[in-house]
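Residue numbering restarts at 1 for every chain, and letters A, B, ... go by the order of the sequence lines.
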Amino acid sequence: MELAAVSDGHSAQLHAKLIKTAPHFDSFLANYVLRAYSKSPRPHRALRLFLHHHSQPLAPIPDRFTFAPLLSAAARLGCADTGRQLHALLLKSSLFPSSSTQSLNSLIHFYSSCRLLLPALQVFDEMSERDVVSWTSAISAAADADSPRHALRLFDSMVADGIQPNEATAVAALRSCADLGALSTGRRIHRIARVHGFSSKPNVATSLLDMYAKCGRIDLAEEIFRGLPEKDVFAWTAMIFGLAYHERSREALDLFQDMVEMGVQPDDRTITALLCACRSKAWVAEGYRVYNNMHKFGITPRIQHYGCMVDLLARGGHLSEAEGFIRRMPVEPDAVLWRTLIWASMIHGDSERAERLMEKRKLLEMDPVDSGSYVLMGNVFGSLGKWEKKAKVRETMVKRRTGKLPGCSRIEVNGVVHEFEAGDSGHPEAERIYEKWDEIVERLRVEGYSPHVSEVLLDMEDEEKASQLHHHSEKLALAFGLINTSPEEEILIVKNLRSCQDCHSAMKLISRIYGRKIMVRDRIKFHHFSNGCCSCGDFW
DNA sequence: GTAGGGTTAG
């Protein structure tokens, strides 16, 4: 009875009483309380109780059930140092290395929660015995740390090791497939889930729905959605996002109406999905309507909602309105938000505004590790013909060694995901890919295509600019796809940035010349290219 | 009496 109260985490008196009676506390009871605290709204109480025990002469002895709740509390609190100390304590304890699998599983999860992928994988690598939770924790860690290819490699190793995936494994692996656009791998996981009978569990079904939508099969996503007997906010939101991603904005907004009529309470992500639907069609009035109605659902706008609104206004050319919107919003704008407006200013030909915002906002100081700001600044200076300034930005970027990839494209062929960067020559088939692209360029030229050299904001000759454009990552991925897929197959390319003008024009023509259906998923929407046209109607 | 798990502005 009393312990049930502890699990609510609200009973301070009971906590004090438990601490006083510590000498009578055996390990079983102590672990029970630690577990209850770690799951409560105040997980730090678990850590405090453990520390208290540690200083007692008759303290309960830590056993194989003790570390998991502590590490889980440290993970929830994001206490990296506390978790590291627990790690050290665990290694020193008599529990290690025997009967430590569960504790080490929690340790993997702890490192992953603190965004420390390498230590998480190191713990996993050094484990003498791994169960399904160890594998799943490692796969989730990789998936969370933007290493979806690594996550899928781990998934394959797990299956090869004869460990059966469960629901949690499927969810983590499906998220990686969704990230990568790895449709055939996603389908394989769907089959596994069906065989094991958990494909209709709400969390798995939502992951499947999301995976199909992000892998270009919105039809299969809808099929799963329709088949769900109970649709919760996760399922509705994932479906609305999917429709928005595929530019079926009207249906996305209508689906939201259905959701509300069904009595399902939207959350802040549902609103984000709606705003994305409005943005992709440049529906300013609809966007404002969604934004102004948020409070009716008890939802306070957050930076992502402001971000969508600014993008909606700025991309539609309402630059001053977007800037005013940023100045009036009650939260501090971040680098992403300023970049959105600066980028839109540049593409709408207002490079002066772009430069003013950039310099005034000290963009590079806001987020010095994200290469996005450097690339954008370089582009703005390029558009103004300020080559020295552009060179200087580039120099700073190299000096600071910013980690993130500026642009890459991925394509799955025969169940394997291939990744390309601009000008990439690292792929084993690089030579064939470049030859293929030369052939494509020749056919494009016959059809009257000329490269959009004005898009290359570098101080160089047109010929060199054309060569730069030709080696954009999505073109390399496409050339690879054309070589390695059969003519009736639809090609899906996943890009981490927005589409560029030249690639967009080229994709349209290639879809006609080669008679292929090509899908490009960029940062914000799907482009379905077919017979010389794109579903986005050339607005993005 | 164990650990991990669905949608998320660019």
Side-chain angles (χ1 to χ4, degrees), chain A residues 3 27-36 38 63-72 75 99-110 112-113 131-141 143-144 165-175 178 198 201-211 213-214 221 225 228 232-242 244-245 266-276 279 301-312 315 333-341 343-344 367 370 372-373 376 404 496-498 522-524:
Chain A
L3 287 173
S27 298
F28 177 88
L29 208 51
N31 293 338
Y32 191 103
V33 178
L34 289 179
R35 198 155 45 243
S38 75
D63 64 15
R64 68 202 166 96
F65 297 111
T66 306
F67 281 92
L70 292 171
L71 286 162
S72 151
S99 61
S100 59
T101 306
Q102 290 90 344
S103 310
L104 293 173
N105 290 348
S106 299
L107 198 53
I108 297 172
H109 176 244
F110 154 75
S112 162
S113 301
D131 60 13
V132 61
V133 179
S134 323
W135 282 97
T136 303
S137 302
I139 293 167
S140 293
D144 283 345
N166 64 19
E167 294 166 41
T169 327
V171 165
L174 285 167
R175 194 168 68 235
F198 54 72
K201 290 278 167 83
N203 53 350
V204 178
T206 306
S207 300
L208 282 166
L209 187 170
D210 183 57
M211 179 278 293
K214 290 185 178 150
F225 183 73
L228 282 175
D232 61 12
V233 63
F234 291 93
W236 286 99
T237 305
M239 193 67 241
I240 293 171
F241 253 115
Y245 225 145
D267 65 13
D268 62 322
R269 294 159 201 212
T270 322
I271 304 297
T272 306
L274 295 173
L275 292 174
C276 287
R279 173 190 55 187
R302 297 172 52 172
I303 190 98
Q304 57 269 41
H305 305 114
Y306 296 118
C308 282
M309 285 304 289
V310 169
D311 201 10
L312 169 62
R315 286 267 159 174
D334 61 7
V336 174
L337 214 139
W338 285 118
R339 281 209 300 265
T340 303
L341 179 56
W343 185 255
D367 188 357
D370 192 331
S373 293
L376 173 59
K404 293 185 196 168
N496 65 342
L497 302 174
R498 284 192 180 182
D522 74 10
R523 194 80 201 202
I524 64 160

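Few gaps surround CZ on A/R498; more than 12 heavy atoms of other groups in view lie less than 6.0 Å from it.
For A/L71 and B/dG4, the CG to C1' distance is 13 Å, given to the nearest whole Å. Summarising the geometry, the separation between CG on A/L174 and C1' on B/dT7 is reported as 13 Å, rounded to the nearest angstrom. Whole-Å rounding puts the A/I139 CD1 to B/dA3 P distance at 19 Å. The interatomic distance linking A/K201 (NZ) with B/dG6 (P) rounds to 15 Å, in whole Å. Whole-Å rounding puts the A/L337 CG to B/dG10 P distance at 11 Å. The nearest whole Å value for the distance from the CD1 atom in A/I303 to the C1' atom in B/dA9 is 9 Å. Per the geometry, CG belonging to A/L70 stands 12 Å off P belonging to B/dA3, to the nearest Å. In this structure, OH of A/Y245 is placed 8 Å from P of B/dG10, rounded to the nearest angstrom.
Between A/A235 and A/F225, the shortest heavy-atom distance links the atoms O-CE1, 3.7 Å. Across A/N496 and A/R523, no two heavy atoms sit closer than the pair O-CD, 3.0 Å. Taking both residues in full, the closest heavy atoms of A/S103 and A/L71 are given as O-CD1, 3.6 Å, listed atom of the first, atom of the second, then distance.
As judged by a 4.0 angstrom heavy-atom cut-off over every strand, A/T340 is placed among residues making no nucleic acid contact. Using a 4.0 Å heavy-atom criterion, one finds that A/F241 contacts the sugar-phosphate atoms exclusively. Using a 4.0 Å heavy-atom cutoff across all strands shown, A/D334 reaches at least one base atom of the nucleic acid. Within 4.0 Å (heavy atoms only), A/I524 reaches sugar-phosphate atoms of the nucleic acid but no base atom. Across all strands, A/D268 comes closer than 4.0 Å to no nucleic acid atom at all (heavy-atom distances). Using a 4.0 Å heavy-atom cutoff across all strands shown, A/R339 reaches at least one base atom of the nucleic acid. A/H109 comes within 4.0 angstrom of sugar-phosphate atoms only, judged by non-hydrogen atoms across all strands, and of no base.
No hydrogens or angles were tested; on distance alone, nothing pairs the side chain of A/S137 with the base of B/dG4 as donor and acceptor under 3.5 Å. The base of B/dG5 lies outside donor-acceptor range of the side chain of A/N166, with no N or O pair under 3.5 Å. Residue A/D210 places no side-chain atom within donor-acceptor reach of the base of B/dG6, judged by atom type and a 3.5 Å distance cut-off alone.
Distances shown here put every side-chain N or O of A/R269 at or beyond 4.0 Å from the OP1 or OP2 atom of B/dA9. Residue A/K214 places at least one side-chain N or O under 4.0 Å from the OP1 or OP2 atom of B/dT8.
For A/C308, the listed nucleotide lying nearest its side chain is B/dA9; candidates were B/dT7, B/dA9, B/dG4. Closest to the A/D267 side chain, of the nucleotides B/dG6, B/dG4, B/dT7, is B/dT7. Here the side chain of A/A168 is nearest to one of B/dG4, B/dA3, B/dG6, namely B/dG4. Listed candidates were B/dG4, B/dA9, B/dT7. Nearest to the side chain of A/R279 is B/dA9. Across B/dG4, B/dG1, B/dG6, the shortest atom-to-atom separation from the side chain of A/P202 is found for B/dG6. Proximity note for A/D63 (side chain, C-beta onward) versus B/dG1, B/dA9, B/dG6: the nearest is B/dG1. For A/D311, whose side chain is taken as the heavy atoms from C-beta onward, the closest listed nucleotide among B/dG1, B/dA9, B/dG10 is B/dG10. The nucleotide whose nearest atom lies closest to any side-chain atom of A/A238 is, among B/dG6, B/dA3, B/dT7, B/dT7. Counting only heavy atoms from C-beta on, A/R498 has its side chain closest to B/dG10 among B/dA3, B/dA9, B/dG10. When distances run from any side-chain atom of A/F65 to the nucleotides B/dG1, B/dA3, B/dA9, the shortest one goes to B/dG1.
Each of A/T272, A/T270, A/D232 was evaluated against A/T237; a single residue qualifies, A/T270, per the side chain to side chain donor-acceptor pair (under 3.5 Å) test.
For the residue pair A/N31 / A/T66, a side-chain donor-acceptor distance below 3.5 Å is found, with atom types taken as modelled.
A salt bridge links A/D144 with A/R175: the closest approach of a Lys/Arg side-chain nitrogen to an acidic carboxylate oxygen falls below 4.0 angstrom.
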